[in-house]
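Report on one structure; see the data block that follows.
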There are 2 protein chains.
Amino acid sequence: MGRASDELKAETVILRASQAIQEVIRKDVANYGLNPTEYSVLELLYHMGDQPIQMIGKKVLISSSSITYVVDKLEQKKYVRRQGCPEDRRVIYAVLTGEGKALMDEIIPQHAIKIEEVFNDLNADEVNQTIELLKRVGCKAINN
Amino acid sequence: MGRASDELKAETVILRASQAIQEVIRKDVANYGLNPTEYSVLELLYHMGDQPIQMIGKKVLISSSSITYVVDKLEQKKYVRRQGCPEDRRVIYAVLTGEGKALMDEIIPQHAIKIEEVFNDLNADEVNQTIELLKRVGCKAINN
DNA sequence: TAGTAAAATCTCAAATCCGAGATAACTTAA
DNA sequence: TTAAGTTATCTCGGATTTGAGATTTTACTA
């Protein structure tokens, strides 16, 4: 088995594993009336603070038109509001509302339990290895 | 940083890395008029042989209605045809056509080069580690 | 054997996503 | 300062995905 073949295999395994995790997330956050993208955006705002719309797209890796759509939905649900930036009037921040923060305060501990189950078979070292390896792969992939 | 927190981090890193790879795949296979799902299905049939429709869904991890849609598209493009199973008349196989096989003969080597770039910073051992770790995570995730 | 449960595929409507292009605001260079 | 180029956001149309439910076939059980 040559090098290139191993990498095609790695590609497949990453995609399958991530899709399986996506599915776990989908089912979990559906209990709170969210889809995975909405959860990702709320999670970003919760942990990283208010973000310009386009920064959300870069972090969550979705297209600009999708961000508009998702932020619309989250705004309808009152979890997020738009706030113009005075210094640069092109920029609009997505801001977590009190309701949004309260929701995430509730979701995240429950969600952590679900994710813990998924990584159950890995010890702490292996979890960290996974993080380090995939960080490097992810960075490389983003630069095409 | 506690255990649960590391796992939430691992979750995020896996999802980001896989989405970045998805994007690389999207751009690459777009050159051949395919989307990532269509490529995944063709890749499955190419490497694993003809498959019942529902088996494709399990392997590629998409819903039953999506498989119908994707196989329709691939059938329109003449890369795949449906073939009923005589033993169990509920089952329909997706079969790679000569054109489909020829296309994959062409795509896969090119595609391997693109993927190789993504894993450029990892040595052979690290690629294998990634595969092993994610296999275990993926299996666990599939069983909810 | 008859009747019920389960499995495989498909249909349909609604939700979500992307690409291309429009608009407004900022930046840079002549 | 002006003109051209860049950036951030949004709009719109079309493609893809999902969930719920219908249909057909098989498996199981009384």
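Keep in mind that this is a model prediction, so the values were computed, not measured. In what follows, chains are A, B, ... by sequence order, proteins preceding strands, each numbered from 1. What you see below is based on every heavy atom in this structure, not just the backbone, and it leaves out hydrogens, waters and symmetry mates.
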(request) Starting at OH of B/Tyr79, measure out to OH of B/Tyr39 and round the result to the nearest 0.5 Å. (result)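 Going from OH on B/Tyr79 over to OH on B/Tyr39, the span is 13.5 Å.
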Whole Å only: how far is the [atom1] atom of [X] from the [atom2] atom of [N]?
{"X": "A/Arg89", "N": "D/dC10", "atom1": "CZ", "atom2": "P", "value": "15 Å"}
{"X": "A/Ile67", "N": "C/dT16", "atom1": "CD1", "atom2": "P", "value": "16 Å"}
{"X": "B/Ile56", "N": "C/dA7", "atom1": "CD1", "atom2": "P", "value": "19 Å"}
{"X": "B/Leu74", "N": "D/dA15", "atom1": "CG", "atom2": "P", "value": "16 Å"}
{"X": "A/Gln83", "N": "D/dA8", "atom1": "CD", "atom2": "P", "value": "18 Å"}
{"X": "B/Tyr93", "N": "C/dA7", "atom1": "OH", "atom2": "P", "value": "17 Å"}
{"X": "B/Asp72", "N": "D/dA15", "atom1": "CG", "atom2": "P", "value": "14 Å"}
{"X": "A/Lys77", "N": "C/dA15", "atom1": "NZ", "atom2": "C1'", "value": "11 Å"}

Below 3.5 Å, does any donor atom in the side chain of [X] face an acceptor in the base of [N], or the other way round?
{"X": "A/Thr37", "N": "C/dC17", "answer": "no"}
{"X": "A/Ser65", "N": "C/dG19", "answer": "yes"}
{"X": "A/Arg90", "N": "D/dT7", "answer": "yes"}

(message) Are B/Asn35 and B/Val29 packed together at the side-chain level, in the sense that at least one heavy-atom pair is separated by less than 4.5 angstrom?
(response)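 No, side chains not in contact.
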(request) Please tell me if the side chains of A/Asp50 and A/Leu45 come closer than 4.5 Å, counting only heavy atoms from C-beta onward. (result)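 The answer is no; the side chains never approach within 4.5 Å.
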[X] side chain N/O closer than 4.0 Å to the phosphate oxygens (OP1, OP2) of [N]?
{"X": "B/Tyr69", "N": "D/dT17", "value": "no"}
{"X": "B/Asn35", "N": "D/dT16", "value": "yes"}
{"X": "B/Arg82", "N": "C/dC10", "value": "yes"}

So if I take every side-chain heavy atom of [X] and compare against [options], which nucleotide ends up nearest?
{"X": "B/Ser66", "options": "C/dC10, D/dT17, C/dA20", "result": "D/dT17"}
{"X": "B/Pro52", "options": "C/dT9, D/dT16, D/dT11", "result": "C/dT9"}
{"X": "A/Ile53", "options": "D/dT9, C/dC10, D/dT18", "result": "D/dT9"}
{"X": "B/Asp88", "options": "D/dT16, D/dT25, C/dC10", "result": "D/dT25"}
{"X": "A/Gln54", "options": "C/dC10, D/dT11, D/dA8", "result": "D/dA8"}

(message) Could you check whether any side-chain N or O of B/Gln110 sits under 3.5 Å from a backbone N or O of B/Ile107, counting only pairs where one atom can act as donor and the other as acceptor?
(response)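 No.
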(request) Using heavy atoms to find the nearest nucleotide of DNA chain C for A/Pro86 and A/Ile62 separately, return the residue whose nucleotide is more 5′. (result)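 Looking at the nearest nucleotide for each, A/Ile62 comes out on the 5' side.
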(message) Strictly below 4.0 Å, N to O, side chains only: are B/Arg26 and B/Glu23 in salt-bridge contact?
(response)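 So B/Arg26 pairs with B/Glu23 through a salt bridge.
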(request) Decide, yes or no, whether a salt bridge links B/Asp121 with A/Arg136 under the criterion of side-chain N to carboxylate O below 4.0 Å. (result)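 No salt bridge links B/Asp121 with A/Arg136.
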(request) Could you pick out which residue, A/Arg26 or B/Lys73, lies toward the 5' side of DNA chain D when each is mapped onto its nearest nucleotide? (result)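 Closer to the 5' end of DNA chain D: B/Lys73.
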